[in-house]
2 protein chains.
Amino acid sequence: MLDITEVVRRSGVPASTLRYYEEKGLILSTGRRGLKRIFAPRVLDQLALIALGRAAGFTLDEIGEMFDDGGEPSIDRHALSAKADALDDTIRKLSAMRDGLRHAAKCPAPSHLECGQFRRLMNIASARMKVEKKRGVQEK
Amino acid sequence: MLDITEVVRRSGVPASTLRYYEEKGLILSTGRRGLKRIFAPRVLDQLALIALGRAAGFTLDEIGEMFDDGGEPSIDRHALSAKADALDDTIRKLSAMRDGLRHAAKCPAPSHLECGQFRRLMNIASARMKVEKKRGVQEK
DNA sequence: GTGCAACTTGAAGCTGGCTTGAGGTCAAGG
DNA sequence: CCTTGACCTCAAGCCAGCTTCAAGTTGCAC
């Protein structure tokens, strides 16, 4: 049994986040010592799985559905495939974008606007904007 | 010269967004007809460029720095390369994630937790979480 | 038994990129 | 001249995923 401090130390997840996850029903504390939450060691796996899900682009709500009533992971393999496909899609778009950026970086045209490839890229991006409702990729 | 309705129609960007961009200094209206904003046709290129930048993961502030005082694009080629590299990095991570998901989807282990590859993936994801301050990928 | 650091709670705040709403103004059509 | 309705402004709201804050408890060391 681990107290919250120990979970923070071993998972790297801040206490505030642990409380938030518990409130959301993603993890469960098994009791208290005084006020302090006590967690079963299993929570470390659950947190790793949450991290994985987040990295793969699942929302917390979606991740919540990946645990059964007992807190054991029971992941729909279809959902995994679907997410893999979605990732593939994202990857393709980002690759096109990367190639365009790379071209623009070394393109000899005086202004990027005079570069055909750059204009094509712009048009793709703005056409996507017209069609897509909401989709974002952040890179910090 | 285009009024805002025309810009909306031709760019697909909502009027509220145009006003927001103008407020942020990303685009400039060249005057008014009554109350209505009037834009130079150039704004369509600017909007396409903004869409491109957004799709490539630039923030609006970063995109703002890509226009010179006159509103002409003057993009630092180094910044483009750097962004391309960042995209590459993201693409690599997403690819690893996709492969892991795909494996998990067809892995015969009774629980994903018993699958070595899945656990490795989980560990990578949670290790990243410990190290990284803020990085996100949204899909859908 | 007392101090105090570390925990607790609930609510509010933050970031980015917009959207929405209330209330106001104006040009054009009838 | 008057209505209509598309635009305007400014402020507030929304989303996810947290973080931060103020105020309240607590276990443990002394």
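Residue numbers begin at 1 in each chain, while the letters A, B, ... track the order of the sequences.
- Distances were taken from every side-chain heavy atom of A:Thr59 (C-beta onward) to each of C:dC18, D:dG17, D:dA6; the shortest belongs to D:dG17.
- Look at CD1 on B:Ile27: it is 13 Å from C1' on C:dC18, rounded to the nearest Å.
- For the pair B:Leu47/B:Tyr21, a side-chain contact is recorded, criterion being any heavy-atom separation below 4.5 Å from C-beta on.
- Using a distance-only test at 3.5 Å, with no hydrogens or angles considered, no donor-acceptor pair links the side chain of B:Ser29 to the main chain of B:Phe39.
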Review item, nucleotides 19-29 of chain C N/O atoms under 3.5 Å of protein N/O:
unit_1	atom_1	unit_2	atom_2	d
C:dT19	OP2	B:Ser16	OG	2.6
C:dT19	OP2	B:Thr17	OG1	2.4

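- Applying the 4.0 Å criterion to OP1 and OP2 of D:dC18, one finds that A:Tyr21 has a side-chain N or O inside that range.
- With rounding to whole Å, B:Glu6 atom CD is found 16 Å from D:dA6 atom P.
- Comment: B:Asp3 does not engage B:Arg32 in a salt bridge, judged by the lack of any side-chain N to carboxylate O separation of less than 4.0 angstrom.
- Taking a cutoff of 4.0 Å between a charged side-chain nitrogen and a carboxylate oxygen, A:Arg19 and A:Glu22 do not qualify as a salt bridge.
- Distance CD1 (B:Ile63) to C1' (C:dG17): 11 Å, rounded to an integer number of Å.
- Side-chain N/O atoms of A:Arg32 include one lying less than 4.0 angstrom from OP1 or OP2 on C:dT9.
- For the pair B:Leu2 CG and D:dA6 P, the computed distance is 20 Å after rounding to whole Å.
- Distance A:Leu60 CG to D:dC18 C1': 9 Å, rounded to the nearest Å.
- Counting heavy atoms from C-beta on, the side chains of A:Arg119 and A:His112 never come closer than 4.5 Å.
- One atom, CZ of A:Arg9, and another, P of C:dC7, lie 13 Å apart when rounded to the nearest Å.
- Under the 3.5 Å distance criterion, the side-chain polar atoms of B:Ser11 are matched with a main-chain donor or acceptor of B:Val7.
- Between B:Leu18 atom CG and D:dC8 atom P the separation is 9 Å, expressed in whole Å.
- Proximity of a side-chain donor or acceptor of B:Ser126 to a complementary backbone N or O of B:Met122 within less than 3.5 Å is detected.
- Applying the 4.0 Å criterion to OP1 and OP2 of D:dC18, one finds that A:Arg54 has a side-chain N or O inside that range.
- Across the protein-nucleic acid pair, A:Ile38 atom CD1 and D:dT26 atom C1' stand 13 Å apart, rounded to whole Å.
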